[in-house]
2 protein chains.
Amino acid sequence: MENNSCIRQQADIDQINRCKEAVSELNETFDYLANGLSLVGNNVRLKILYLLFEEKKLCVCDLSDILGMNISAISQHLRKMKDRNLLQTERDAQTIFYSLTPKYSTLLNPFFEILDKNKVLETI
Amino acid sequence: MENNSCIRQQADIDQINRCKEAVSELNETFDYLANGLSLVGNNVRLKILYLLFEEKKLCVCDLSDILGMNISAISQHLRKMKDRNLLQTERDAQTIFYSLTPKYSTLLNPFFEILDKNKVLETI
DNA sequence: TTTATATTTCAGCATTTGCTTAAATAAGAA
DNA sequence: TTCTTATTTAAGCAAATGCTGAAATATAAA
């Protein structure tokens, strides 16, 4: 760390310390939450999540067809999201259906609503 | 696109087409929203956003100090978020204070609440 | 004007991400 | 069992990301 010449004259030391403490206390939480949000913050994965929100369940093959993408690519996205508990699976013979876990369905609802109404440009 | 041998036997063609249409219609919206979420889905930026939520406004130097990171690195994160309208600035002499834009403050509130109560592990 | 403070910008680089292709696994049908 | 369908996994690579360090910009104080 170099460029740290700036220990501000009028910095609020109490504020700085309070913040440092908060960050240190919440550290793993930040990591965990940021990781979850980074999964949602991808073009393809956001589409998958939205489609699952709308259609309840879909298989890799459906998603591959819908998004015009390689099955392998989709499968890798699904795996990441399943590993992080955004998605769950259910097998029906050879076909594996993916769906949103209830927790994330709830948490991401505001974003799906925005997409549903296609009102992002006004809202965000 | 190679591995696309799987045009499922029992695929619901109507469903697939409905989905294709939805995705195509919302395409730029997905891009825009995913880009916004990808900004939030980063460790350092999530911390910055949370700190601004708690403290209302902070300068690069404060954040650099709190997070123990290079000022330049912080500045580059702030720029990205300002460019995407997550943040706004206000100058006070040499110091530039960053704060959340009202829209994103509202939209990200659920995540800040989770952090506030440090209840991520149960919730997510 | 010169000097100090606060911040941004740029170039370079290592790491991470996301896709492609090919091979592996798994379940049902012939 | 062999063949087909559905999916996952692994290796390789190109593009994107995030950090470092140095130089540039901007405001205020001496």
Side-chain angles (χ1 to χ4, degrees), chain A residues 1-12 16 30-31 34-48 57-84 87-98, chain B residues 1-12 16 30-31 34-48 57-84 87-98:
Chain A
M1 222 210 315
E2 191 61 39
N3 245 341
N4 239 346
S5 49
C6 152
I7 295 124
R8 275 204 306 138
Q9 237 63 340
Q10 346 85 297
D12 180 341
I16 303 284
F30 279 121
D31 285 348
N35 176 255
L37 285 163
S38 77
L39 290 176
V40 186
N42 168 282
N43 212 351
V44 176
R45 287 191 296 264
L46 184 61
K47 285 176 191 167
I48 293 175
K57 60 178 191 174
L58 291 165
C59 68
V60 214
C61 178
D62 292 333
L63 288 164
S64 162
D65 196 358
I66 294 163
L67 300 176
M69 285 178 63
N70 195 312
I71 287 180
S72 171
I74 300 289
S75 179
Q76 289 173 72
H77 282 303
L78 291 172
R79 188 183 203 292
K80 282 187 187 180
M81 293 193 280
K82 196 193 170 191
D83 284 351
R84 229 331 281 279
L87 301 183
Q88 62 200 176
T89 54
E90 163 198 352
R91 173 157 231 146
D92 176 9
Q94 296 124 302
T95 307
I96 292 167
F97 285 102
Y98 284 82
Chain B
M1 222 208 320
E2 190 62 37
N3 244 341
N4 240 346
S5 49
C6 152
I7 294 125
R8 276 203 306 140
Q9 238 63 338
Q10 346 85 296
D12 180 342
I16 303 283
F30 279 122
D31 285 349
N35 176 255
L37 285 163
S38 76
L39 290 177
V40 187
N42 168 281
N43 213 352
V44 176
R45 286 191 296 262
L46 184 60
K47 286 176 191 168
I48 292 174
K57 60 178 189 174
L58 291 165
C59 67
V60 214
C61 178
D62 292 333
L63 289 164
S64 162
D65 196 359
I66 294 164
L67 300 176
M69 285 179 63
N70 194 313
I71 289 181
S72 170
I74 301 289
S75 179
Q76 286 173 75
H77 282 302
L78 290 171
R79 188 183 204 292
K80 281 187 187 180
M81 294 194 279
K82 196 193 171 191
D83 284 351
R84 225 339 274 282
L87 301 184
Q88 59 199 180
T89 54
E90 163 199 351
R91 175 158 230 146
D92 176 9
Q94 294 124 303
T95 308
I96 292 168
F97 285 102
Y98 284 81

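Small disclaimer: the values here were computed from a predicted structure and weren't measured. Each chain gets a letter, A, B and so on, in the order the sequences are listed, and its residues count up from 1.
For the residue pair A:Lys82 and A:Thr89, the shortest heavy atom distance occurs at NZ-OG1, 3.2 Å. Taking every heavy atom of both residues into account, A:Met81 and A:Leu39 meet most closely at CA-CD1, 4.4 Å. Taking both residues in full, the closest heavy atoms of B:Leu63 and B:Leu78 are given as CD1-CD2, 4.0 Å, listed atom of the first, atom of the second, then distance. Closest non-hydrogen pair, A:Ala34 versus B:Asn42, comes out as CB-C, 3.8 Å. Among all heavy-atom pairs drawn from B:Leu46 and A:Phe30, the shortest one is CD2-O, 3.7 Å. When every heavy atom of B:Met69 is checked against every heavy atom of B:Ser64, the shortest pair comes out as O-OG, 2.6 Å.
In this structure, B:Ile71 atom CD1 and C:dT5 atom P are separated by 12 Å, rounded to whole Å. Separating the CG atom of B:Asp65 from the C1' atom of C:dT7 is a distance of 15 Å, rounded to the nearest angstrom. Summarising the geometry, the separation between CG on B:Asn43 and C1' on D:dC19 is reported as 13 Å, rounded to the nearest angstrom. In this structure, CZ of B:Arg84 is placed 14 Å from P of D:dT17, rounded to the nearest angstrom. We find that CG of B:Asp31 is positioned 13 Å from P of D:dA16, with the value rounded to whole Å. Per the geometry, CE belonging to A:Met81 stands 12 Å off P belonging to D:dT8, to the nearest Å. The NZ-P distance, from A:Lys82 to D:dT7, rounds to 13 Å in whole Å.
Axis angle, first five pairs versus last five pairs of the helix from C:dT1-D:dA30 to C:dA30-D:dT1: 10°, rounded to 10°.
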At a cut-off of 3.5 Å, list every protein nitrogen or oxygen paired with a nitrogen or oxygen from nucleotides 26-30 of chain C, distance to 0.1 Å.
none

Shorter than 3.5 Å, N or O on both sides, protein versus nucleotides 16-19 of chain C: list them out with atom names.
from, atom 1, to, atom 2, distance (Å)
C:dG18, OP1, A:Asn42, ND2, 2.7
C:dG18, OP1, A:Arg45, NH2, 3.3
C:dG18, OP2, A:Arg45, NH1, 3.1
C:dG18, OP2, A:Lys80, NZ, 2.8
C:dC19, OP2, A:His77, NE2, 2.4

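No donor-acceptor pair closer than 3.5 Å links the side chain of B:Ser75 to the backbone N or O of B:Ser72.
The CG atom of B:Asp92 sits 6.5 Å away from the NZ atom of B:Lys57 when rounded to the nearest 0.5 Å. Taking CZ of B:Arg84 as the start and OG of B:Ser38 as the end, the distance is 8.5 Å to the nearest 0.5 Å.
Residue A:Arg79 has a polar side-chain atom (N or O) positioned under 4.0 Å from OP1 or OP2 of D:dT9. At least one side-chain nitrogen or oxygen of B:Tyr98 sits closer than 4.0 Å to the OP1 or OP2 atom of C:dT8.
Residues B:Val60 and B:Ile96 are not in side-chain contact: their nearest non-hydrogen atoms beyond the backbone lie 4.5 Å or more apart. You'll find the side chain of A:Leu67 reaches within 4.5 Å of the side chain of A:Ile48, heavy atoms only.
Looking at the side chain of A:Ser72, the nearest of the listed nucleotides C:dT7, D:dT8, C:dT21 is C:dT21.
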